[in-house]
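Counting starts at 1 for both ligands and their atoms, following the listed order.
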Amino acid sequence: MNLQDFPRVRLGHWPTPLEPMKGLAGRLNAARLFIKRDDCTGLATGGSKTRKLEFLVGEAMRQGADTLLTHGAVQSNHVRQTAAAAAFMGLACEAILEERVQDAPAAYHESGNVLLDQLFGIQLHRVPGGTAMDAALEALAQKLRQQGRKPYVIPGGGSNALGSLGYVDCVLELQRQCEAMGLRKPHLVHATGSAGTQAGLVAGIHALGLDWPVTGIGVRAPREAQETRVHDLAVRVLNLLGVTRPLPRERVVADDRFIGAGYGIPTDSMIEAVTLLARTEGILADPVYTGKGLAGLLEMVRTGRFHSDEDVIFVHTGGSAGLFGYVSAFAKASA
Ligand SMILES: *Cc1c(COP(=O)(O)O)cnc(C)c1O
């Protein structure tokens, strides 16, 4: 396995820290809780998409693209990071935003990630919920090609095999950090949406012959559908890496019990988790992904799913900019 074979641009600050969560562990009477700070990648308030974009934008540059195209929900962290990457690389950028959350308050449409997208100077196209996003993106790409532009299309969440290599690289980083800090066989917990993060982690762990468990906490799709999607993508990542050993389906776990009413819709357990992390660690999580992921982690700790000597790492995938699109959800909770 050699990540050097793939074109790549440097967009982030590496390695991101791996740190103990002493305050949270103390509050929960839990032993060994750690956090991988991928919220601190440095690009435009940080987050997981920085890792994926290093490979995706690397490929875009190799192809001589002049424009990055992608799509996401209105409060997409992926669109915000892509917009910043384009600004940094001197590329144009356009994104299609899907109204995936119904009856959202004004802040959801104007603040948080949307405010930042606009600051980075990208062109936004808003479409109703349920739009066939990949087809809409391809149509936009076609239109730009007819105008003589050279768009590079990045799928939602940056989640294809190439983008997922970013999380193979994260496993390499974690392997060095765990060795230096004396963590053995850590159990990784993180939020899973468009599947690239978990596919990259699981593929990287498999490629390196490690036996680290990974628990994805779903934010959108039901368990079976999400696990199939992650496994399919992880297999494609392993193909890209030239790893032929089959990946057992059981290596992919995506718990769907913390989604609540749907993608981007606040839950009580998310509000509790975001608040608890803020007050015990001084770390910001987000309402759509890491808050629900943390709610899953809290439940696992509270129901004794980890042994007292097991090292648990929450992979913080970023997203705090999204908090500002959810002012009313938190205001209600603290009133
Ligand atoms: C995109 C995102 C995720 C989910 O990662 P996927 O690779 O899409 O599964 C998790 N957390 C945050 C903050 C994200 O922006």
Side-chain angles (χ1 to χ4, degrees), residues 12 16 35-41 43-53 55-56 70-85 95 100 112-113 116-117 133 154-170 188-204 214-221 225-234 236-237 252-256 258-259 263-264 270 273-274 277 283-297 314-326:
T16 61
I35 186 164
K36 175 65 170 164
R37 298 296 304 271
D38 271 14
D39 57 322
C40 299
T41 59
L43 182 69
T45 75
S48 53
K49 305 313 182 299
T50 311
R51 289 192 189 273
K52 299 171 174 179
L53 286 164
F55 289 94
L56 294 164
T70 197
H71 68 69
V74 172
Q75 283 294 333
S76 169
N77 300 305
H78 165 66
V79 169
R80 181 242 314 154
Q81 297 230 286
T82 304
R100 213 181 282 168
N113 285 297
L116 302 185
D117 294 344
M133 295 301 284
I154 298 176
S159 285
N160 55 16
L162 198 59
S164 303
L165 291 180
Y167 272 85
V168 173
D169 195 43
C170 183
L188 310 186
V189 180
H190 70 95
T192 179
S194 66
T197 302
Q198 190 167 10
L201 290 172
V202 169
V214 177
T215 301
I217 308 293
V219 300
R220 190 175 185 190
Q226 184 67 9
E227 290 181 351
T228 302
R229 186 172 183 194
V230 171
H231 186 263
D232 287 353
L233 184 53
R236 278 185 275 137
V237 175
V252 178
V253 177
D255 192 340
D256 63 3
F258 302 90
I259 299 171
Y263 175 88
M270 175 280 287
V274 171
L277 189 73
I283 294 175
L284 299 174
D286 85 283
V288 180
Y289 296 97
T290 53
K292 290 182 179 177
L294 270 170
L297 175 78
F314 181 71
V315 181
H316 190 329
T317 42
S320 62
L323 283 169
F324 303 100
Y326 282 83

Point to revise | Within reach of ligand 1, part of Ala195 (heavy-atom separation under 4.0 Å) | key: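 For Ala195, only backbone atoms sit under 4.0 Å from ligand 1.
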
Got [X] and [Y] here, is their nearest side-chain heavy-atom distance under 4.5 Å?
| X | Y | value |
| --- | --- | --- |
| Leu188 | Lys36 | no |
| Arg51 | Thr16 | yes |
| Met270 | Phe258 | no |
| Asn77 | Tyr289 | yes |

Just need the protein heavy atom nearest to [atom], so name the residue and atom and give the distance.
| atom | answer |
| --- | --- |
| atom 5 (O) of ligand 1 | Thr197 OG1, 3.1 Å |
| atom 8 (O) of ligand 1 | Ser194 OG, 2.5 Å |
| atom 10 (C) of ligand 1 | Thr317 OG1, 3.1 Å |
| atom 3 (C) of ligand 1 | Tyr289 CD2, 3.4 Å |
| atom 13 (C) of ligand 1 | Gly318 O, 3.1 Å |
| atom 9 (O) of ligand 1 | Gly193 N, 2.6 Å |

Atoms in ligand 1 flagged as close to [X], the criterion being non-hydrogen separation under 4.0 Å:
| X | answer |
| --- | --- |
| Asn77 | 13 (C), 14 (C), 15 (O) |
| Ala191 | 4 (C), 10 (C) |
| Thr192 | 9 (O) |
| Ser159 | 7 (O) |
| Gly319 | 13 (C) |
| Lys49 | 1 (C), 2 (C), 3 (C), 14 (C), 15 (O) |

Point to revise | Nitrogen or oxygen atoms of Asp286 and ligand 1 under 3.5 Å apart | key: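 No, there is no polar N/O contact under 3.5 Å.
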
Check your understanding: What about Thr290: any of its N or O atoms under 3.5 Å from an N or O on ligand 1?
Key ->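 No; the residue has no nitrogen or oxygen that sits under 3.5 Å from a nitrogen or oxygen of the ligand.
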
Check your understanding: Would you call Gly157 a ligand 1 contact, heavy-atom distance under 4.0 Å?
Key ->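 Not so, Gly157 does not reach ligand 1.
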
**Study point:** contact_flag Gln81 ligand 1 heavy-atom lt 4.0 Å
**Key:**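 Gln81: no contact with ligand 1 (<4.0 Å).
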
Practice item. Output yes when a side-chain donor or acceptor of His316 lies under 3.5 Å from a complementary backbone atom of Leu284, and no otherwise. Key: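 Confirmed, His316 side chain pairs with Leu284 backbone.
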
Check your understanding: Counting only N and O atoms by type, is there a donor-acceptor contact under 3.5 Å from the side chain of Lys52 to the main-chain atoms of Gly157?
Key ->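 A pair under 3.5 Å: yes.
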
Have [X] and [Y] got a donor and an acceptor in their side chains that come within less than 3.5 Å?
| X | Y | value |
| --- | --- | --- |
| Arg236 | Ser164 | no |
| His190 | Thr197 | no |
| Ser48 | Asp38 | no |

Practice item. For atom 7 (O) of ligand 1, state which one of His78, Gln198, Lys52 supplies the nearest heavy atom. Key: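 Residue with the shortest heavy-atom distance to the ligand atom: Lys52.
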
Check your understanding: Can you name the closest pair of heavy atoms from Ala285 and Leu277 and give their distance?
Key ->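 Result for this residue pair: CB-CD2, 4.1 Å.
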
Practice item. Verify side-chain contact (heavy atoms from CB on, under 4.5 Å) between Val230 and Gln226, making sure each step is shown before the conclusion. Key: CA-CA 6 Å; Val230 171; Gln226 184 67 9; 3.9 Å; yes

